[in-house]
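What follows is a set of notes on a single structure, which appears directly below.
Just so you know, residue 1 is the first one in the sequence shown, and it goes up from there. Note that the coordinates shown come from a computational prediction; the quantities given were computed from them, not determined experimentally. Below, each value reflects all heavy atoms present in this structure, side chains not excepted, and no hydrogens, waters or symmetry copies.
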Amino acid sequence: MTPPRLAIVVPCYNEQEALPASLKTLLGLLNDMTAARAVADDSYIMCVDDGSRDRTWQIIAEAHNADRRVKGIALAHNRGHQNALLAGLEAVTDRCDISVSIDADLQDDPQAIRNMVGLYSDEHAEIVYGVRSSRESDSWFKRTSAQTFYRLQRALGVDTVYNHADYRLMSNRALHLLGEYGESNMYLRGIVPQIGLRTATVSYPRTARTAGETHYPLSKMISLSVDGITSFTAKPMRMIFTVGLILLVLDIIVAVWVLIAHFRHETITGWSSLMLSVWFLGSLILMGLGIVGEYIGKIYIEVKRRPRFAVREEIF
């Protein structure tokens, strides 16, 4: 069987410190896999510069001049990791048999690509998820917040793969099916499981960054989690309705108690309880309005149908 043409998609944002070593590692991996006839000789790396403010694009251009297997596209503005990844996947859809997406810091073991390609070739899996078996290299806070992130999404009804980020193999057919999803708020970790083709998983331990600092702090993790939840489930709004019903029942009970106490002339001034109730209900109302507003904001963005990104420059 003819080896598949592999495209490794690498979204990059301010990765001038990590990218040179990462490209060297990935090119070495391509050399080994082409020599073993696991992938075709014209396999390549597609780097996506997500509006970086450092020398990331210059490093990609220099790497392309040194080795034509390194290709790249530069987005006109910083559009976020999900849009940068999607831009790379769209760029390689008609130029590969299979694609593998991986972050530029290589915390996700690139050697797992061998097993991914093996599952595609031998088991005919069209989507292969990279699943982290260990996160010992992460700090306690990073590890705990990430695991909470996955559990929260599953609890709220989002169909995601536990401990899987965006390290995955997708066949050409899976890429074309992904392209049919037209929403502006793309949460790939939730969309890809909905494609429904034959899937498999590859486990690997998560390692430390090759260089530089993380570009995914807690604020971005929270934002990503909110995007994922509000893009795939209305469960938070149902929870607001449920809390409202519970409070209504409590209000009826309290009202009965107040009326009984009133007719027995047992009422006393309850300033503390009144203030606590006002603050509690006020906070609950504002939180409910915020959740509903998040969904309305999503609708507002979707109906405008603005492009997800603009490509400034390409290197092929």
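Between Leu178 and Ile195 the shortest side-chain heavy-atom distance falls below 4.5 Å. Side-chain contact check for Glu126 versus Met170: every heavy-atom pair is 4.5 Å or farther apart. The side-chain heavy atoms of Val39 and Asp97, taken from C-beta on, include no pair separated by under 4.5 Å. Between Arg55 and Glu62, the closest side-chain pair of non-hydrogen atoms falls below 4.5 Å. When side chains are defined from C-beta on, Ile102 counts as touching Pro110, because their heavy atoms get closer than 4.5 Å. Taking 4.5 Å as the limit, every side-chain heavy atom of Asp49 sits out of range of all side-chain heavy atoms of Ile73. No side-chain heavy atom of Leu169 sits under 4.5 Å from any side-chain heavy atom of Ser99. Leu30 has its side chain out of reach of Leu26: every pair of non-hydrogen atoms, C-beta onward, lies at least 4.5 Å apart.
In summary, Asp32 and Arg114 engage in a salt bridge, as defined by a charged side-chain N under 4.0 Å from a carboxylate O. Electrostatic pairing of Asp50 and Arg79 does not count as a salt bridge here, judged by no charged N lying under 4.0 Å from a carboxylate O.
Closest non-hydrogen pair, Phe309 versus Asn83, comes out as CD2-O, 3.8 Å. Closest of all the heavy-atom pairs between Arg198 and His124 is CD-O, 3.8 Å. Taking all atoms of both residues into account, the shortest heavy-atom contact from Ala18 to Ala104 is CB-O, 4.2 Å. Scanning both residues, Ala200 and Leu119, for their nearest heavy atoms gives CB-CD1, 3.8 Å. Between Ala87 and Val48 the shortest heavy-atom distance is CB-CG1, 4.4 Å. For the residue pair Ile60 and Gly72, the shortest heavy atom distance occurs at CG2-CA, 4.1 Å.
Atom-to-atom distance recorded for His77:NE2 and Arg312:CZ is 10.0 Å, nearest 0.5 angstrom. Annotation: the span from Asp54 atom CG to Asn14 atom CG amounts to 4.0 Å, rounded to 0.5 Å. The distance from the CG atom of Asp42 to the OG1 atom of Thr34 is 10.5 Å, given to the nearest 0.5 Å. The OH atom of Tyr120 sits 12.5 Å away from the CD1 atom of Ile127 when rounded to the nearest 0.5 Å. For the atom pair CD (Glu90) and CG (Leu86), the distance works out to 4.5 Å, reported to the nearest 0.5 Å. Separating the NE2 atom in His164 from the OG atom in Ser203 is a distance of 12.0 Å, to the nearest 0.5 Å.
Applying the 6.0 Å contact sphere to NE2 of His176 captures more than 12 heavy atoms from other residues, nucleotides or ligands.
At least one cation-pi condition fails for Lys71 and Phe316: the charged atom is not both under 6.0 angstrom from the six-membered ring centre and inside a 45 degree cone around its axis.
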*asked:* Evaluate Gln16 against Arg53 for side-chain contact (heavy atoms from CB on, under 4.5 Å), listing each step before the verdict.
replied: CA-CA 10 Å; Gln16 65 177 11; Arg53 297 188 299 270; over 6 Å; no
*Might you work through the side-chain contact (heavy atoms from CB on, under 4.5 Å) test for Leu23 and Cys47, ending with a clear yes or no?*
CA-CA 9 Å; Leu23 288 175; Cys47 298; 3.7 Å; yes
_Derivation and outcome, side-chain contact (heavy atoms from CB on, under 4.5 Å), residues Leu106 and Thr25_ = CA-CA 9 Å; Leu106 296 192; Thr25 299; 3.8 Å; yes
*Yes or no on side-chain contact (heavy atoms from CB on, under 4.5 Å) for Ile45 and Arg69, after CA distance, side-chain angles and deciding distance?*
CA-CA 6 Å; Ile45 302 169; Arg69 291 178 298 174; 5.9 Å; no
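Side chain of Gln82 to main chain of Leu188: a donor-acceptor pair is present (N/O by atom type, distance under 3.5 Å, no hydrogens or angles). No donor-acceptor pair closer than 3.5 Å links the side chain of Ser22 to the backbone N or O of Asp105. Between the Asn172 side chain and the Cys96 main chain, a donor and an acceptor come within less than 3.5 Å of each other. With hydrogens and angles disregarded, a donor-acceptor distance shorter than 3.5 Å links the side chain of Ser43 to the backbone of Ala40.
The six-membered or imidazole ring of Tyr167 lies near that of Tyr204, with a centre-to-centre distance under 6.0 Å.
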